[in-house]
Amino acid sequence: MNLITLIIQMILTIPLTIILNVFKAKENRRLNHILIPSMYIIIIAALMPMVKENIYLIVIFEIFVRNFYITNITNQDVEVSNTMFIFESLLSIALSLFTYNYFIGAVESVIPNPEDIKPFIWFLIVIYIVGLYKLSTKGKLEKEKTKTTTRKKEQIIMQYAKYKNMYSSIVKSKNEVINNLTYAIMIHNNYQNPKIYRNINAYIGAVTKKETEYGIMRIKSYNRISDEESIKITISNFEKELKNSKLKENEKINKLLKEYKIEEQQDIQNIYKDIIEFLKK
């Protein structure tokens, strides 16, 4: 591998960083940060075969660039010290190495030849026919969309009933806004970070001894916190925040979510509304 190739790869790191930041701003899902780098090096290898040797280095360079940007420009040291950032970075590097060894480096050209494209063309034809069929049944699809929304609400209520059964002895603030909002946050956080993901995060945090998000309420701490403890801490913080407060319901919710410092506030408010709607029936 020559120096020119290495320099080009370092330059190609910049577009990848921009792409990841765009996706983070629009939809901050961890899966994007793991998969997008590998897809990016596949595309680059296809467009610029001369730099495909050890092209997985672009992913490694990008992580260092992002680390530098977060630490020195945005001054968010906690984000890069977070165990999930480290875990995601390692997964991203491992996937890019796998992609390079078994897909990019193992072939002369990443771009498929005409024979390889034939199945894809037939696939596009089938997709087009399916698209025409969907257009002809637009009314039916609208009904399905309504059913999907209904099912989603039903799932929220099922999760609400589940957590109420599990944690009603803990979630017992005199302020019902706090109780219902706590359940809404639980439902949202469990969807974003299921139990198995939280257990992995807790294990990594225990090993690295770094500040980590623990429990279903995602409480940052250097010591392990259970789901129950994270709920108690959140309710206690909420009660302190609303002590002697005479705000309206929506104002209370906005104030608490701002204090909770969670980005997906609208999603939680929608879940909260579904819970309130169910309780009024």
Side-chain angles (χ1 to χ4, degrees), residues 24 27-34 78-79 81-88 91 151-242 252-279:
K24 181 178 180 180
E27 186 180 12
N28 189 18
R29 296 184 69 88
R30 292 189 172 97
L31 196 60
N32 290 337
H33 292 279
I34 296 171
V78 175
E79 183 173 344
S81 63
N82 188 294
T83 52
M84 289 317 303
F85 178 88
I86 299 171
F87 183 61
E88 290 166 16
L91 277 180
R151 283 196 295 268
K152 186 176 179 181
K153 287 186 177 182
E154 289 174 351
Q155 290 173 357
I156 289 172
I157 299 307
M158 288 174 63
Q159 288 293 306
Y160 167 73
K162 171 186 171 182
Y163 289 135
K164 192 171 181 64
N165 183 55
M166 292 173 63
Y167 304 121
S168 59
S169 60
I170 302 174
V171 186
K172 52 183 181 180
S173 172
K174 293 181 180 179
N175 191 322
E176 283 303 311
V177 171
I178 290 178
N179 293 334
N180 294 327
L181 185 62
T182 300
Y183 284 122
I185 294 173
M186 281 189 219
I187 294 168
H188 174 270
N189 284 356
N190 187 65
Y191 174 76
Q192 295 291 329
N193 294 281
K195 184 76 173 179
I196 186 171
Y197 206 88
R198 297 200 297 275
N199 288 338
I200 294 173
N201 191 31
Y203 175 77
I204 296 173
V207 172
T208 60
K209 304 295 184 183
K210 292 183 177 181
E211 188 179 43
T212 305
E213 289 183 345
Y214 288 106
I216 195 169
M217 304 304 287
R218 295 169 64 178
I219 301 297
K220 290 184 178 181
S221 174
Y222 288 96
N223 300 313
R224 183 164 185 170
I225 298 174
S226 66
D227 286 349
E228 291 81 1
E229 290 170 328
S230 72
I231 294 169
K232 290 178 182 178
I233 292 171
T234 300
I235 291 176
S236 176
N237 291 339
F238 282 175
E239 288 180 334
K240 290 177 183 177
E241 192 66 25
L242 292 185
K252 289 179 181 178
I253 294 170
N254 291 331
K255 183 178 179 65
L256 292 177
L257 289 178
K258 184 178 180 180
E259 173 66 22
Y260 191 69
K261 294 180 181 179
I262 192 165
E263 295 179 2
E264 301 85 354
Q265 293 189 12
Q266 189 58 52
D267 291 341
I268 294 176
Q269 290 193 35
N270 291 337
I271 295 172
Y272 178 89
K273 289 176 182 177
D274 289 338
I275 292 174
I276 296 301
E277 184 180 323
F278 168 73
L279 294 175

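- Remark: side-chain polar atoms of Asn189 are paired, donor with acceptor, to backbone N or O of Ile216 under 3.5 angstrom.
- Checking each of Val177, Leu256, Ile233 against Phe238 for a side-chain contact (heavy atoms from CB on, under 4.5 Å) leaves exactly one that passes, namely Leu256.
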side-chain contact (heavy atoms from CB on, under 4.5 Å) for Gln155 and Ile187? Distances and angles first, verdict last. CA-CA 10 Å; Gln155 290 173 357; Ile187 294 168; over 6 Å; no
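- Within the 4.5 Å cutoff, the side chain of Asn175 has heavy atoms near those of the Leu242 side chain.
- For Tyr160 and Tyr183, the distance between ring centers is under 6.0 angstrom.
- Side-chain atoms of Asn270 and Gln266 include a donor-acceptor pair closer than 3.5 Å.
- Between Asp227 and Lys195 there is a salt bridge, with a side-chain nitrogen of the basic residue lying less than 4.0 Å from a carboxylate oxygen of the acidic one.
- Here the straight-line distance linking atom OG of Ser226 with atom CD1 of Ile219 works out to 11.0 Å at 0.5 Å rounding.
- The main-chain N or O of Glu213 is found under 3.5 Å from a side-chain atom of Asn201 such that the two form a donor-acceptor pair.
- Only one option out of Asn179, Ile178, Ile185 pairs with Thr182 in a side-chain contact (heavy atoms from CB on, under 4.5 Å); it is Ile178.
- Residue Met166 qualifies as enclosed at atom CE: its count of foreign heavy atoms under 6.0 Å is above 12.
- Two residues are said to be in side-chain contact when any heavy atoms from C-beta on lie closer than 4.5 Å; Gln159 and Tyr191 fail this criterion.
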